[in-house]
Amino acid sequence: MIKTVEYLDGKVRMIDQTRLPLEKVFVDCETIDDVANAIKTMVVRGAPAIGVSAAMGVSLGAESIQADSFETFYSELEEKCLDLSKSRPTAVNLAWGIERMKRVARESKLLGIPELKKKLRQEALDICEEDIAANMAMGSFGQTLINDGSTILTHCNAGALATAGFGTALGVIRAAANAGKKIEVLANETRPFLQGARLTVWELMEDNIPVKLITDNMSGFFMKNNQVDVVVVGADRIASNGDVANKIGTYMVAVMAQKHGIPFYVAAPISTLDLSLSSGEEIPIEQRSENEVTCINNKRITPEGANVAHPAFDITPNDLITAIITDKGIAKSPYTTSLKKLTEK
Ligand code: MRU
């Protein structure tokens with residue numbers, strides 16, 4: 001499997017997800033601003049992958065600072081993180097990755113600048129490794145919820161490409177397949193940016209996991225005809241009451257799943273929880289360029305000047321969610337207590 005993001009000497013290398021699956025091209029980021037730009041332009045996307053990339057970006061930023069005292073070093077680091085922290089608003093993993101790096105810098109202030117830079121480099125590598133381990137853990141918890149012979153519907157791409165490796169929702173699916181269960185995946189294409197059609201289908205085909213691509217407006221049809229057994233999706237941010245922000249269209253899938261009595265699972269690492277928020281109402285929803293709606297592959301499909309709206313995420317209220325699969329275990333309603341308990345493990 002191609003690495004989503006990798007920290008090589010002095011560079012952060014990413015597979016360009018705007019070009020997949022037709023081309024396998026890599027982008028090398030040499031500065032923290034390059035990383036911010038790669039996140040903004042969707043070269044790298046998916047909440048955990050954004051968090052890992054951000055941490056690597058902070059390390060690149062730290063490497064470039066010439067300072068003799070910790071105070072000067074830290075204030076320059078904070079300044080450099082500003083743009084990065086605004087690169088995408090909804091996935092909490094971005095702020096999580098940056099904050100963890102800043103905390104390590106503060107805790108290591110007595111080390112001296114060269115050692116401090118080394119420490120930050122190592123922390124970014126650790127965050128990357130931990131993300132893969134979290135996905136494997138989520139996979140083994142989550143696969144217990146998938147019956148042999150299931151057809152699993154997923155939305156967007158919550159796979160290896162959205163993480164440091166293995167994936168969250170697709171991690172659960174991979175783990176079920178690895179456990180010998182015969183499964184099939186229905187992948188929603190996920191307009192407007194087509195992460196399902198481009199990335200999920202590519203990933204699952206690479207792994208020889210049976211996958212069928214459907215357009216977003218077909219999922220109700222398949223649910224009504226008893227052709228979906230379970231839904232598994234990822235998350236960009238989860239509020240303390242279990243409300244989930246995920247790719248636009250997730251809410252619609254959850255409503256349909258409830259209507260048809262189909263279990264609806266969310267798989268996300270603990271780093272995607274934002275327990276400072278009491279509900280999903282407080283989660284900022286990213287509005288992206290209207291070109292993602294008016295164009296496909298940079299080709300306009302609408303009349304010139306068409307008025308469009310483009311919220312990139314929506315909120316699925318907790319009462320539509322059967323369970324939240326994390327790397328620490330599975331949380332069920334009432335989420336305010338179950339999620340908090342998992343963070344204390
Ligand atoms: O806009 P994107 O492609 O970054 O959105 C990604 C999603 O919505 C994913 O489902 C989410 O980040 C979970 S990824 C493990």
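What you are looking at is a predicted structure, and each value in this text was computed from that prediction instead of being measured. Start at 1 and go down the list; that is how both ligands and their atoms are numbered.
Taking CG of N291 as the start and CD1 of I296 as the end, the distance is 12.5 Å to the nearest 0.5 Å. Atom CZ of residue F264 and atom CG of residue L153 lie 9.0 Å apart, to the nearest 0.5 angstrom.
Take H260 and apply the side-chain hydrogen bond (donor to acceptor under 3.5 Å, both in side chains) test, not counting sequence neighbours, and it matches no residue.
The backbone N or O of A49 sits nowhere less than 3.5 Å from a side-chain atom of D131 that would complete a donor-acceptor pair. Checked by atom type and distance alone, the side chain of T72 never pairs as donor or acceptor with a backbone atom of D68 at under 3.5 Å.
At under 3.5 Å, a nitrogen or oxygen of R45, whether backbone or side chain, sits near a nitrogen or oxygen of ligand 1. In terms of polar-atom proximity, G46 is counted as a contact of ligand 1, with an N or O under 3.5 Å from an N or O of the ligand. Considering backbone and side-chain atoms alike, A47 places an N or O below 3.5 Å from some N or O of ligand 1.
From the protein, the heavy atom lying nearest to atom 7 (C) of ligand 1 is D236 OD1, 3.2 Å.
R88 counts as a contact of ligand 1, since one of its heavy atoms falls under 4.0 Å from the ligand. At least one heavy atom of M42 lies less than 4.0 angstrom from ligand 1. In this structure, P48 has a heavy atom closer than 4.0 Å to ligand 1. Taking a 4.0 Å cut-off on heavy atoms, F313 registers as neighbouring ligand 1. Using a 4.0 angstrom heavy-atom cutoff, A235 counts as in contact with ligand 1.
Within ligand 1, counting atoms from 1 as listed, the ones closer than 4.0 Å to a heavy atom of T168 are 15 (C). Remark: ligand 1 atoms within the under-4.0 Å shell around heavy atoms of K247 are 1 (O), 2 (P), 5 (O), 8 (O).
Only the side chain of Q195 comes within 4.0 Å of ligand 1, counting heavy atoms alone; its backbone N, CA, C and O stay farther away.
Within a 6.0 Å radius of CD in E281, no more than 12 heavy atoms belonging to other residues, nucleotides or ligands are found.
Pairs of residues two or more places apart, or lying in two chains, that qualify as side-chain hydrogen bond (donor to acceptor under 3.5 Å, both in side chains) and include a residue from residues 220-239 are R237-D274.
Taking the ring centre of Y74 as origin, the terminal cationic atom of K109 falls outside the region bounded by 6.0 Å and 45° from the ring axis.
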